[in-house]
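This report concerns only the one structure given below.
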Amino acid sequence: MFYLRKNYSTHLPLLMKMVLGTGGPVLEFGAGVFSTPVLHWLCSENRRELVTYENDLECYKFAKQFRSRNHKIVFVKDWGEISLDKHWSVVLIDHGPLLRRSVDAIRFKNNADFIVLHDTEEKSEPYYNYDSVWPHFKFRYDHELANPRTTVVSNFKDPREIF
C-alpha cells in the first residue's frame with residue numbers, strides 16, 4: 001500500500017516542462033504513483049521511448065501496469081549495474097536508497113541533456129548528498145515553487161531555455 005502526500009508530487013511541474021520541451025528518450029530512476037503515469041502518457045503521445053527502473057517490489061508491481069511498446073519497466077537489484085551506453089533527453093532521479101541519488105546523477109552527467117532531481121532543498125542534504133552533485137554540471141536550475149524543491153542540471157543545455 002502506498003502512503004501518499006501532496007509533497008510527493010512537487011517535481012511534476014518541472015518534470016513535465018522538461019519532457020514537453022525535449023524530444024528524445026526519457027529515463028525514470030524510481031517509479032512513483034505520480035511520475036510514472038505522467039511520464040507514461042506524455043511519452044505515449046509521441047511514441048517516445050521511456051524506461052522506468054525500480055528496486056522496490058511494491059513500486060515495481062504498480063509500475064508494471066504502464067508497460068507498453070514504448071514504455072519498458074525494469075526491476076533492478078543493483079543501480080550500479082545499469083548500463084550508461086545511451087544518451088537520454090531527460091532523466092528523472094527519484095529512487096532509493098536516498099544516498100544513491102547523488103551517485104546516479106553524477107553517473108549520468110555525460111549521458112543526459114537534462115537530469116531532474118527531486119527533494120533538493122537544503123534541509124534534505126544529509127539524506128541525499130546533492131552538494132556533491134552540483135560541481136559536476138555547467139547548468140543548474142532550482143524550481144522553488146513548492147517543497148520539496150526540484151532541481152534540473154545539465155552539461156549540455158541551460159534548462160531555462162526550455163521555459
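As the structure is a prediction and not an experimental result, all values here were calculated from the model.
Note: E122 CD to D131 CG = 7.5 Å, rounded to the nearest 0.5 Å. One finds the OG1 atom of T52 at 4.0 Å from the CD1 atom of I73 (value rounded to the nearest 0.5 Å). Separating the CE atom in M18 from the OG atom in S154 is a distance of 7.5 Å, to the nearest 0.5 Å.
When atom types are taken as modelled, the side chain of E121 and the backbone of R149 share a donor-acceptor pair closer than 3.5 angstrom. With hydrogens and angles disregarded, no donor-acceptor distance shorter than 3.5 Å links the side chain of W79 to the backbone of Y53. Side-chain atoms of S89 come within 3.5 Å of backbone atoms of G24 as a donor-acceptor pair (strictly under, hydrogens ignored). Between the R160 side chain and the R140 main chain, a donor and an acceptor come within less than 3.5 Å of each other. No donor-acceptor pair under 3.5 Å is formed between the side chain of R100 and the backbone N or O of Y128. In this structure a side-chain-to-backbone donor-acceptor pair under 3.5 Å is present from N111 to L84. A donor-acceptor pair under 3.5 Å is absent between the side-chain atoms of H143 and the main chain of T150, judged by distance alone. Checking side-chain atoms of N155 against main-chain N and O of K138 turns up a donor-acceptor pair under 3.5 Å. Between the side chain of D56 and the main chain of E58, a donor-acceptor pair closer than 3.5 Å is present.
For F156, the CZ atom is densely surrounded, since the number of other residues' heavy atoms within 6.0 Å is greater than 12. Enclosure of atom CH2 in W134 by more than 12 non-hydrogen atoms of other residues, nucleotides or ligands within 6.0 angstrom is indicated.
Taking 4.0 Å as the cut-off between side-chain N and carboxylate O, R101 and D119 count as a salt-bridged pair. Between K61 and E54, none of the side-chain N atoms (NZ, or NE/NH1/NH2) sits under 4.0 Å from a carboxylate O, so this pair counts as no salt bridge.
Considering V90, L39, L27, T36 in turn, L39 is the only one that fulfils the side chain to side chain contact (heavy atoms under 4.5 Å, CB included) rule with L50.
Residue pairs meeting the salt bridge (charged side-chain N to carboxylate O under 4.0 Å, His left out) criterion with at least one member in residues 72-83, sequence neighbours excluded, do not occur.
T22 and R48 form a side-chain donor-acceptor contact under 3.5 Å, judged by distance and modelled atom types alone. Of the N and O atoms on the side chains of S44 and H71, not one donor lies less than 3.5 Å from an acceptor on the other residue. Donor-acceptor pairing under 3.5 Å is recorded for the side chains of H95 and D104.
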Evaluate the criterion side-chain contact (heavy atoms from CB on, under 4.5 Å) for residue pair Y130 and L117; output intermediate values, then yes/no.
CA-CA 9 Å; Y130 282 137; L117 303 163; 4.0 Å; yes
